[in-house]
There are 2 protein chains.
Amino acid sequence: MPVTLKDVAQKLDLSITTVSRALAGYSDVAAATRQRVLSTAEEMGYVPNVTARHLRQQRTDTIGFIIPSEGPRFSDPFFNELMAGLGNEAAAHEFDVLVSIHVPGVEEEAAYRRMVYGRRVDGVVIVRIRHDDWRIRFLQQEAFPFVCFGRSEVPGDYPYIGVDGTLGMYLLTRHFIESGHQRIAYIAAPPHFFFATDRKAGFRQALAEAGIPLEKELEILGDLTQQGGYLAMKELLSRFPSADTKPTAIAACNDLMALGAMAAIQDAGLDVGEDIAVGGFDDIPPAAHSHPPLTTVRQPIYQIGAQVMRTLVQLVQHEPLAQRHIVLEPELVIRKSG
Amino acid sequence: MPVTLKDVAQKLDLSITTVSRALAGYSDVAAATRQRVLSTAEEMGYVPNVTARHLRQQRTDTIGFIIPSEGPRFSDPFFNELMAGLGNEAAAHEFDVLVSIHVPGVEEEAAYRRMVYGRRVDGVVIVRIRHDDWRIRFLQQEAFPFVCFGRSEVPGDYPYIGVDGTLGMYLLTRHFIESGHQRIAYIAAPPHFFFATDRKAGFRQALAEAGIPLEKELEILGDLTQQGGYLAMKELLSRFPSADTKPTAIAACNDLMALGAMAAIQDAGLDVGEDIAVGGFDDIPPAAHSHPPLTTVRQPIYQIGAQVMRTLVQLVQHEPLAQRHIVLEPELVIRKSG
DNA sequence: TTGAAAGCGCTAACAC
DNA sequence: GTGTTAGCGCTTTCAA
């Protein structure tokens, strides 16, 4: 059985109150008493019951993070990086992170309700923002603290941190154009994601600026997974069998799909970087280690995760926020793939 | 302000107890009363305060998972897969997962103490078992529920689930030998890990069985990261510059290092699978998508994670365990890399 | 400087 | 069937 305040108080023949105050470092405790309490508590192995403290203080020092997975077997290095950023920063503030994984839908909704109404956590992190995201509406309506990774068009003055997806994809596409590419394909993300629209706009903007007509057949949808990128690329290659219509550069909405596309190109006996250039978005760790290394738009996922957590902690502690909205400039990282 | 039992009780002019019992589905509540309670609670948006319930019931329906990271920027798909398995299974039992990330050391130890003594969670998952693992000793001593991913030599009848690492690495090495390789290098894991010893034994066993003398220079240490595998391979290549002493096959203790080794081989202008065969251990998702796809020893991380969580939930709910120790047979997955 | 008492929201033993 | 009461372990007024 764990040692409680009561145990320590009984042993010292003091009241629970005094022990509590001594431990909390209140100044209205005699120095001698404090010493006795501290050493006895230490010696008895007293550790406060976190749950009791939560109930009393009406806060849990815990942040909720519901990972939206597409299918049960999610496996996206993006979330790994993000989790690292969130987790480390949380630990630095002595906060915990409560993680759930849910496919968007009724279960996800139930998970949010339990977290919010059940006062299970003090705030939540929202990622992979959707158009007209119900999560944002819900949390705003409940006045529950949250911070978004990425922008959204849902009105309101809630905090978000992200990179300018339009600019990022614009930079990548322009890089392709400047390298002499004219037939550039785009592997898009499901359109219900905000960043899908965001990034695609950058792609089209770069084409328009260069006077390259938009060709619908060169835009194809992927599901953000590596497998999805692979399939999309296969489809593109079969759409354009002849050498003079085949795309010479591929911009993928995220790195995972870009890596899948690379595999498809190589399976077709073509050389990535030579025959077909490939670029992605995110700069997840495997991007630097692929063969050839992937050209991509860097989004500092780890740092953004840390910043999101920092902001959220400030928010739940009612500290003033320096900035509610942070839009970082993405950086084009040119490697061997294109 | 969230709706409490008291609010519902007041509105219905009932006692808190009756409301609580009606909601919990006790049979000693009049059917009519139950109906009134249910509909009013629903309508008022009542959701139980999880923290209060936890305090009262002396359990949290939460499982702790402290990820041991080597350095702050951990990025290992292994944990991603594992998290998915743990998280989905936890959700199926209406359990939550509390995640922390800590570099092994004093902070990690403090995190365990807070979780255990603070009764923050009902049980914990232990991964990447170390030799003479203090976590296992500590949890056993405190009689705190835990389940290990992987075996250990710490005595005691605690539950673990894992694959036979010796057999797995033996199968991979034997495969290399049967393919005609004689000079096989091994990229080892830091020896404080139990599985490092485990797997290396399989490597040596296969060599011994084939009468291939053990050459210390062909064994090199890596740190389990992709970068570590890359550096280890570079070192191996520089150790054996001449074509007739160069290793023709590389067995890496995990996939991440195998992928790094592949990159180093390719950077040296050699062909993976042709000039040098490469094999790993784990079968993390990127292994199937690398170029060439990685030959590896499959460890069903997702399923093991789910099984670990299932066992842990049974444990904390005092359900009988069918098996306390599960050692799965690993499966050799032969792909293009070797 | 210390202690008594209240109460966070919930459940459960025990009356009635 | 329903209500009263106690208490999980903690913090924090308020008195003494």
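Order of the sequence lines sets the chain letters (A, B, ...), proteins ahead of strands, with each chain counted from 1.
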Strictly below 4.0 Å: does [X] bring a side-chain N or O up to OP1 or OP2 of [N]?
{"X": "A:Ser15", "N": "C:dA4", "result": "no"}
{"X": "A:Ser20", "N": "D:dC10", "result": "no"}
{"X": "A:Tyr26", "N": "D:dT13", "result": "no"}
{"X": "A:Gln58", "N": "C:dG9", "result": "yes"}
{"X": "B:Tyr117", "N": "D:dG9", "result": "no"}

Over all strands shown, is [X] touching base, sugar-phosphate only, or nothing at heavy-atom distances under 4.0 angstrom?
{"X": "A:Thr51", "answer": "nothing"}
{"X": "A:Ile16", "answer": "base"}
{"X": "B:Asn49", "answer": "sugar-phosphate"}
{"X": "B:Thr17", "answer": "base"}

Would you say the ring centroid of A:Tyr112 lies under 6.0 angstrom from that of A:Phe146?
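Centroid distance A:Tyr112-A:Phe146: not below 6.0 Å, so no.
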
Between B:Phe195 and B:Tyr160 (judged by ring centroids, cut-off 6.0 Å), do the two rings come close enough to count as a pair?
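Aromatic pair excluded; centres sit 6.0 Å or further apart.
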
Tell me: [atom1] of [X] to [atom2] of [N], nearest whole Å?
{"X": "B:Leu55", "N": "D:dA6", "atom1": "CG", "atom2": "C1'", "answer": "13 Å"}
{"X": "A:Leu23", "N": "D:dT12", "atom1": "CG", "atom2": "P", "answer": "13 Å"}
{"X": "A:Asp28", "N": "D:dA15", "atom1": "CG", "atom2": "P", "answer": "16 Å"}
{"X": "B:Arg56", "N": "D:dT5", "atom1": "CZ", "atom2": "C1'", "answer": "11 Å"}
{"X": "B:His54", "N": "D:dC10", "atom1": "NE2", "atom2": "P", "answer": "17 Å"}
{"X": "A:Leu5", "N": "D:dT12", "atom1": "CG", "atom2": "C1'", "answer": "13 Å"}
{"X": "B:Lys6", "N": "C:dG7", "atom1": "NZ", "atom2": "C1'", "answer": "9 Å"}
{"X": "B:Arg59", "N": "C:dA12", "atom1": "CZ", "atom2": "P", "answer": "9 Å"}

Step by step, would you call B:Phe95 with B:Phe65 a ring pair (Phe, Tyr, Trp, His ring centres under 6.0 Å)?
CA-CA 13 Å; B:Phe95 267 65; B:Phe65 178 35; over 10 Å; no

Picking from [options], which would you name as closest to the side chain of [X]?
{"X": "A:Thr33", "options": "D:dG3, C:dT1, D:dG9", "result": "C:dT1"}
{"X": "B:Arg21", "options": "C:dT2, C:dC10, C:dC14", "result": "C:dC14"}
{"X": "B:Arg53", "options": "C:dC10, D:dT12, D:dG9", "result": "C:dC10"}
{"X": "B:Thr4", "options": "D:dG9, C:dG9, D:dT12", "result": "C:dG9"}
{"X": "A:Ala30", "options": "D:dG1, C:dT2, D:dG3", "result": "C:dT2"}

Donor-acceptor contact present, side-chain B:Ser20 to main-chain B:Ile16, <3.5 Å:
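It does not hold such a pair.
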
Say whether, by atom type as modelled, one donor and one acceptor occur between the side chain of B:Arg21 and the main chain of B:Val29 under 3.5 angstrom.
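A pair under 3.5 Å: no.
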
Say whether A:Asp157 and A:His325, considering side chains only, have a donor N or O and an acceptor N or O under 3.5 Å apart.
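Note: A:Asp157 and A:His325 side chains meet the donor-acceptor criterion.
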
On DNA chain D, nearest-nucleotide positions of B:Leu14 versus A:Pro48: which is more 5'?
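Nearest nucleotide further toward 5': that of B:Leu14.
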
